[in-house]
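Quick notes on the structure that follows.
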Amino acid sequence: MRKYRLIFSLAFQNEFIYRLNFVLWRFRNVLRVLLAFFLWSVVFTGRDTAFGYTRPQMLGYVLFVLVIQTLVMSAPSNDNVGGEIANGDLSNYLLKPVSYLKFWFTRDLASKLLNILFSVGEIVLLWLLLRPEIYLSFHPVSLLLGLLLWISGVLIYFFLTKIAVFAAFWTPENTWGFMFVILVFMEVLSGAIFPLDVLPGWVQSALQFTPFPYLIYYPIGIFVDRFSHAHALRLLAQSLIWLGISIWLSLRVWRAGLKNYSATGR
Amino acid sequence: MPVIQVQNLKKYYKVHQKEPGLSGSIRSLFSRKYYDAKAVDGVSFDIGEGELVGFIGPNGAGKTTTLKVLSGLLYPTSGTVSVLGFTPWDRKPEFQKQFSLVMGQKNQLWWDLPAMESFILNKEIYEVPDAQFKQTLDELVELLEVKDFLKVQVRKLSLGQRMKMELIAALIHSPRILFLDEPTIGLDVVMQKKMRDFIKEYNQRFNSTIILTSHYMDDVKELCERVIIIDKGRLLFDGALAEIIKKFANHKLLTAVFSEEVNREDLEKIGQVKEFDYPRAVISVKRTVASQAAAQLLQNFPVADLNIEEPQIEDIIREVFTGKDLA
Ligand SMILES: Nc1ncnc2c1ncn2[C@@H]1O[C@H](COP(=O)(O)OP(=O)(O)OP(=O)(O)O)[C@@H](O)[C@H]1O
Ligand SMILES: [Mg+2]
């Protein structure tokens, strides 16, 4: 355990070295929220509800995305693992008594912590700036279920995206483009751009059977009381099933990849 | 009981063949042709505790591939390998705590942080006790003279300084077995010498087992009593460095100094004239007829001085590598 604690602290230090990158990255996130905010303000001019959302609910959703997505999708592992496999740096870890996946999850956590600290500040700032009426459930059961679903979403995201980056074991040249497409899809399908129930009914029903809504849309839905507690509990159970599936699958792909790994680049 | 046992090790890489040019690229999207690159093709050897073995061969011989299999990075195509009783590619922590693989010009240190941070991280990863860590680190830092650079960002170190740091990072858990893949590559002659001294010292002081690959014959000559030569994935030689001469050198060199002008064509009748720069000539002759050739030379030429010598080990190895004159 001590080794991962140290990795966490080194990763934290490492993030600070790229301060400017970090600040620009946060700036991009704030811009995105502002943009979404004004777009929805236009949609809501002259009416009280749209797509079944009241204005405060929708604006609440948009602000929520900032925090939830920050925690779920801040993952330096996605930018690095594919490259490390392709250029052979993975060897450094395989030689040592350390788990590569735990190593990168720890680094992700460090990045998530840093990002979440900032995003809370940003939320306060945005809130002071825009003064929206937002809705947040204060029911302890909603908060607890939402939190659990959120944590499960963080883990699902980690393992799902690892399955994608492990493609580098087979096509080391094409990882970046591949990853880019997958990440964009995940962002849209998880509800990070807009709540999923603005989509046509058939798309929604299809998405139900994928892990994506569990990353962002469902956790936020619970925080803003879109679902009954019974429904939320069912979502939590299903989320855990998806978590199990993604862990199992990513470990299988990882092991198969190692068989194919040729430790190139030296 | 040898600490490293390799039996009939084979490692074939599956390589996908791409036709040159754009149309080739497009075609290879749809149908890919594969062939096996036989990087290691049936190699066997045993290495005992405390040995320092030179592992040499021309580019692409399969040295690095073998070391990668021995350290568990690659799964072999076939054959058995046992290192300290472990199968390397099981990657058991108890195994990993006892060896290190160092590759010249490759980084395990965190690029943006001082090397010291990486050492501390390795201490935790390998679970080295505090006291042992401190002692090992002090020793290594002194031996390698890098005290002043411990707190400098790794990216700001020179190549030589970085190599030393890499070495410390690789040795901080006091491995019993060391695989060194071209540890002196890219270093200046002074640093090469220091690195060699260090390797020798490390081997003797801790009785650690070391396999070293290098393209610098000085490394091998100075450090290794035993060498293993491979080429095209096959073992060519395994034995004492001195044995190479006996086994592969099928000629000797006659160096003559003449007192009077001689004709080069006449000398060619004795053997192959390697150098001719009056008054000195070097003639290569078959081993079996060396003494007759020397007698002939003395009889028929105005010889002031004559030496019969074994060829240089570099030359023999070069010949072995190029595959000509193989006995
Ligand atoms: N990942 C790989 N995929 C396909 N072929 C490979 C791969 N790695 C090495 N090879 C091939 O295997 C052979 C052995 O390579 P290896 O790196 O083991 O040689 P080496 O003896 O270390 O050579 P050098 O002295 O140049 O470092 C070479 O022909 C090389 O082209
Ligand atoms: Mg090599």
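Treat the numbers as computed from the prediction; the structure is a model and nothing was measured. Chain identifiers are assigned alphabetically (A, B, ...) following the order of the sequence lines, protein sequences preceding nucleic acid strands; residue numbering begins at 1 within each chain.
- For a residue to count as touching a neighbouring chain, one of its non-hydrogen atoms must lie under 4.5 Å from one of that chain's; by this rule B:Phe95 does not touch chain A.
- No part of B:Lys11 comes within reach of chain A, as not one of its non-hydrogen atoms sits under 4.5 angstrom from that chain.
- For the pair A:Arg107 and B:Trp110, the cation-pi criterion (under 6.0 Å, within 45° of the ring axis) is fulfilled.
- Within a 6.0 Å sphere centred on CZ of A:Phe27, other residues, nucleotides and ligands contribute 12 heavy atoms or fewer.
- Residue A:Tyr18 touches chain B through its side chain alone, counting heavy-atom pairs closer than 4.5 Å.
- Residues B:Gln153 and B:Trp111 bring no donor and acceptor atom of their side chains to less than 3.5 Å of each other.
- Ring centroid separation for the pair A:Trp254 and A:Tyr100 comes in under the 6.0 Å cut-off.
- In this structure, B:Asp138 pairs ionically with B:Lys134, as a charged nitrogen and a carboxylate oxygen lie closer than 4.0 Å.
- Between B:Lys14 and B:Asp36 there is no salt bridge, since no side-chain nitrogen of the basic residue lies less than 4.0 Å from a carboxylate oxygen of the acidic one.
- Looking at B:Trp89, there are no atoms closer than 4.5 Å to chain A (heavy atoms on both sides), in backbone or side chain.
- Contacts of B:Glu94 with chain A are absent, with no heavy-atom separation under 4.5 Å from either backbone or side chain.
- Per-residue heavy-atom pair counts under 4.5 Å with chain A were compared for B:Thr65, B:Asn122, B:Leu121, and the maximum is reached by B:Leu121.
- With a threshold of 4.5 angstrom between heavy atoms, A:Leu94 approaches chain B through its backbone and through its side chain.
- Contact annotation for A:Phe103: only side-chain heavy atoms (C-beta onward) come within less than 4.5 Å of a heavy atom of chain B.
- The pair B:Arg176-B:Glu49 counts as a salt bridge, with a side-chain nitrogen and a carboxylate oxygen less than 4.0 angstrom apart.
- Among A:Leu90, A:Asn260, A:Leu258, the residue with the largest count of heavy-atom pairs under 4.5 Å with chain B is A:Leu258.
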